[in-house]
Amino acid sequence: MQIQYLHWNAAHGWRRADALREPPQLVLYFGSREQLLDGQRYRELRGLHPDSHIVGCSTGGQIHGDDIRDDEVVAVALRFAHTQVRLVQEVVETRDASRACGARLARQVLAADLAGLFVLSDGLAVNGGELLAGLTEVLGPDLPVTGGLAGDGTRFEQTIVGADAEPSLNRVAAIAFYGASLRFAHGCAGGWDVFGPRRKVTKALGSVVVELDGEPPLDLYTRYLGEEEAEAMPGSGLAFPLRIHDEAEPNRQIVRSVFAVDRDARTLTFAADIPEGCTAQLMRANFDSLAAGAGEAGRQARSALSDGVDGDKLAILVSCTGRRRVMGQRTQDELDAVAAELGEDIVRIGFYSYGEFAPPAASGRCELHNQTMTVTVIGEAAA
Amino acid sequence: MTTHRLLARQIRQATDESGQVDLTRLGELVSAAYEESDRDRRRTDRAIKLMIDELEQTHKRAEQDLLRAREFLDSIIENIPIAVFAKDAKDSRYVLLNRAGEEYYGMPREAMLGKTPAEIFPEHIARLVNEQDRDVVESGTPLFLEGHLLDVGGKGRDRLVNSRKLLIRDGAGAPQYLVGVIEDVTERITNEARISHLAHHDALTDLPNRSAFNAALGERLELAQEAATSFAVLSLDLDRFKEVNDVFGHPVGDMLMRAVADRLAAEADGAFVARIGGDEFMILMPDHVSREDVQALAERLIETIGKELEVDDYLLHVGLSVGIAFYPDDGVNAATLLANADSALYRAKREGRGRVRFFESEMDQELRDRRLLQHDLRQALEQNQFVVYFQPQARIDGEVIGFEALLRWNHPTRVFVPPDRFVPLAEENGLIVEIGEWVLREACREAASWPRPLQVAVNLSPVQFQAGDLERSIHQILLETGLTPTRLEVEITEGVLIGDFTGALHLLRRLKALGIRIAMDDFGTGYSSLSYLQSFPFDKIKIDRGFISNLEASPQSAEIVRAVLSLAHALNIPVIAEGVETEAQRAFLAREACEEMQGYLVGRPDLIERYLGLVGMTVERRHYA
């Protein structure tokens, strides 16, 4: 596999490293909603790579190497030696259709030599948990699925995804990799700790929590954030994700962060469904524990990557906007931690998302995460 | 000095391509980092403070919940009717006692809490309690004592208690408390004993019942087989007890039964006397009592029961029949022994009651025959083996005025079964209801076909009066056959009126109201017929054949016949004499103004075909009608 790194900014336009010897099969790009919305970046990339699949999404910050590049669009062009790449996409008209959409995507890519799936989805209009449920329903629990939900800074207004077209709303794209040569390693970890009493989700409707211990959840968050910071909900609410414990699935470690606020009803919407009757506990983290969590994700991915990989290796980091919000200028610490674990020989790009897809080491079954660093490493074995 | 990683990054970000550091930009970055740090610290402080508050509240709530749970449990412990105590495992000082415990020990808890057994109980009890406590603490195993007598406290010494004591350890596993519960089980144990007694004794006489007898017999058989002993089983049945019950009512019957049971038990002292049914008893004799001694006992029993008994101001008179079987001569298992004692009893009763009979092997055969006959009877109805014979009844001058319908059984293999052999059996098993109805229907159907409107007399069994709806079935048969009710005469014996006298009388009145005539059969053989004559206007009296056949030989019989006739004439009831076989008998009856007669002199019972001329049919008419 060969990788060409490209990046764009308003001052100098596209810049790229040495051209690939052969045209790439796949181009991945990440940028802010403003940078991508008019479709110009896509058209420019299409001009550069007329025959490649070009896939990208809006983010809460682009990652290249150890840096966060808010003012740049980052991209990689990938040339695989043996691996086949297929791109499929669906439009999710309503949140309720997320599961069916996942199942449709999976049916399109299903094949005996399917080796991995990387999914980019609208981050607000799609129920990420249900989307994954639909995917694994068809693909089975063992096929690795990674990726994430597109972001929109800390504004939570609109997210866009483009797949061989200008980016648009309500879109889900899935890149399927086929063949025995592909190496598809992954890791995920958070670094959050639970604190305070366990609370009962006394009333919930899908992903909307109406009552925690009989109290509107916004009141609880307002108390913990202070009036001033609570004004900045849902962004400021990312500081306190919820650890969900469902009696029906005691071994699942689920972390959910706030996505939307209804100030009149004083309810909060989370990234995925929260079952009524389950137990919820607030979580918090400090800079060091979050960086250590990111390092753990890198370590997992690195150790899962088998030896004998030939050519370039790409790491796609999908981390949570909530982590960035909490860490501020210290966010780079988590990128440093991942880099330290992965080593210098792996090209790293990625983005800050509204939700991350990766199978946790414990269960191996693909999950939607919040407030988590996920690392997907892609490479090819020698023929 | 190493530069902080963040500061190094900020300097790098504030440095342009020429290596120039933009101090303003650097200042902004550093200031923003301080802001972030402050915000994070504030958020953390706030979260910690809130968390502490929340945890405190949760703790308080949990404490309250615990307190409520404790109160809940306390009120349960306080109110359960079982004594509960707890003691310090170290020195056995009481730390808890509930209300039932106060009652049990007979002192208020203030007198016990905080004190050791030695400070509360007499020395010998305190020593025992302490020993038990040490055992439980040292071994860690609970102590159970069941059904022991109360040794301390205020409830009296005749109470039985179950007690248990167990060790409670603290979080570190060291002995902390001894918890004890003491349950007063006196009532339960007494009840269990009472229930067990009830299960094995007859409630009326308090004698052992059938199941107790069977158990005793089973045990005795086992022992006898091992020890090669012999013993007797007596089967007893009261004579005429049913009549007492019928005439004087059940309360008097019950009192009589108790008196009889007392007499039997007293007389058969040393034997196992059981009441196994209504008026049936069994006696299991001790081993090796001789035949003569058993017989002597049985005779004493008959004598003592035969004596008049005064019950509730009535002088009552019942009798006793006894059958005896011996182990091992008459049977080596319970079923055979009992069956053979019953066979002997049956024989005793049949031979006139008030007797003792030992089992003999032919009795067994007899009983089997009887059962076979009962079995055959059931088939007889289904297979049309019954036939109705007719015997003419005439005025004393010889003019035939009617027929009596008589049941005969044409059994395919048996020679001839006389009615007095099978009718009692049919009465015993209730088949008589169906058979009687069949006879009635046949007789009525036949009579309805006669050109001459002659009488037809049909016998009714007392059982038909007690079971089924006799009135309805007679009514139905009359409608079916079209026989005029006034041509039907039913003959009843006094047996119909013994028992439910009032009920039978009502029924007779209703039958008479239909126009049916009622005749009193077998007059003179019973002992209360005269009083019955007073209570019901019979249409006819039938003098028993026994008196007529003896007319010439016995002057007493002639006197009795004369007396019956004059009594009947005084009451204005016509009389028919049964069993008239000779002209001399007829002449005597004619002289004494007896109205009617029946017997071989007039005609034998036979198929109606023999009497077609008398009923007004020619043979041809009968054939072709």
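In what follows, every chain begins at residue 1, and chains take the letters A, B, ... in the order their sequences are listed.
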Quiz item: Under the salt bridge (charged side-chain N to carboxylate O under 4.0 Å, His left out) criterion, do B/E54 and A/R223 qualify, and how do the steps go?
Solution: CA-CA 11 Å; B/E54 282 201 324; A/R223 212 160 54 239; 3.1 Å; yes
Quiz item: Can you say whether B/E35 sits under 4.5 Å from chain A via the side chain, the backbone, both, or neither, judging by heavy atoms?
Solution: neither
Exercise. Kindly check if the number of other-residue, nucleotide or ligand heavy atoms within 6.0 Å of CD (A/E34) is above 12?
Key: yes
Self-check item: Structural part of B/L29 lying under 4.5 Å from a heavy atom of chain A
Solution: both
Quiz item: Should the heavy atoms of other residues, nucleotides or ligands under 6.0 Å from CZ of B/R164 be counted, would the total exceed 12?
Solution: no
Practice problem: Inspect the surroundings of CZ in B/R70 and state if more than 12 heavy atoms from other residues, nucleotides or ligands are less than 6.0 Å away. | Solution: no
Practice problem: Report yes if the side chains of B/M51 and A/L282 come closer than 4.5 Å at any heavy-atom pair, otherwise no. | Solution: no
Quiz item: Is the number of heavy atoms from other residues, nucleotides or ligands within 6.0 Å of CD (B/Q64) greater than 12?
Solution: yes
Self-check item: Considering all heavy atoms, the nearest A/Y224-B/A47 contact
Solution: CE2-O, 3.7 Å
Quiz item: Would the number of heavy atoms belonging to other residues, nucleotides or ligands and lying under 6.0 Å from CD of A/E157 be above 12?
Solution: yes
Exercise. Take A/E229 and B/R39 through the side-chain contact (heavy atoms from CB on, under 4.5 Å) test and state the conclusion after the steps.
Key: CA-CA 9 Å; A/E229 269 209 73; B/R39 197 164 59 224; 3.6 Å; yes
Quiz item: Is the number of heavy atoms from other residues, nucleotides or ligands under 6.0 Å of B/E119 CD greater than 12?
Solution: yes
Quiz item: What residue, out of B/Q57, B/R42, B/R9, has the most heavy-atom pairs lying under 4.5 Å from chain A?
Solution: B/R9
Quiz prompt | chain B contact via A/Q332 - which portion, at a heavy-atom distance below 4.5 Å | solution = both
Quiz prompt | Toward chain A, the part of B/L6 with a non-hydrogen atom under 4.5 Å | solution = side chain
Exercise. Answer yes or no: does atom CG of A/D18 have more than 12 heavy-atom neighbours from other residues, nucleotides or ligands under 6.0 Å?
Key: no
Quiz item: Side chains of B/Q10 and A/Q329: is there a donor and an acceptor less than 3.5 Å apart?
Solution: yes
Self-check item: Steps toward salt bridge (charged side-chain N to carboxylate O under 4.0 Å, His left out) verdict (B/E36, A/R330)
Solution: CA-CA 9 Å; B/E36 280 173 9; A/R330 306 287 292 268; over 6 Å; no
Quiz prompt | Side chain / backbone / both / neither for A/R284 at chain B, heavy atoms under 4.5 Å | solution = side chain
Quiz item: Contact part of B/H59 toward chain A, heavy-atom cut-off under 4.5 Å: side chain, backbone, both or neither?
Solution: neither
Exercise. Counting only heavy atoms closer than 4.5 Å, note whether A/D66 contacts chain B via side chain, backbone, both or neither.
Key: neither
Quiz item: If you tally heavy-atom pairs under 4.5 Å against chain B, which of A/D333, A/N286, A/D67, A/V326 wins?
Solution: A/D333
Quiz item: So which part of A/L225 gets closer than 4.5 Å to some heavy atom of chain B, the side chain, the backbone, both or neither?
Solution: both
Self-check item: Other residues, nucleotides, ligands: >12 heavy atoms within 6.0 Å of B/Y177 OH
Solution: no
Exercise. Using the side-chain contact (heavy atoms from CB on, under 4.5 Å) rule, take A/R198 and B/T58 through it: C-alpha gap first, then chi angles, then the decisive distance, then the call.
Key: CA-CA 10 Å; A/R198 284 165 178 260; B/T58 308; over 6 Å; no
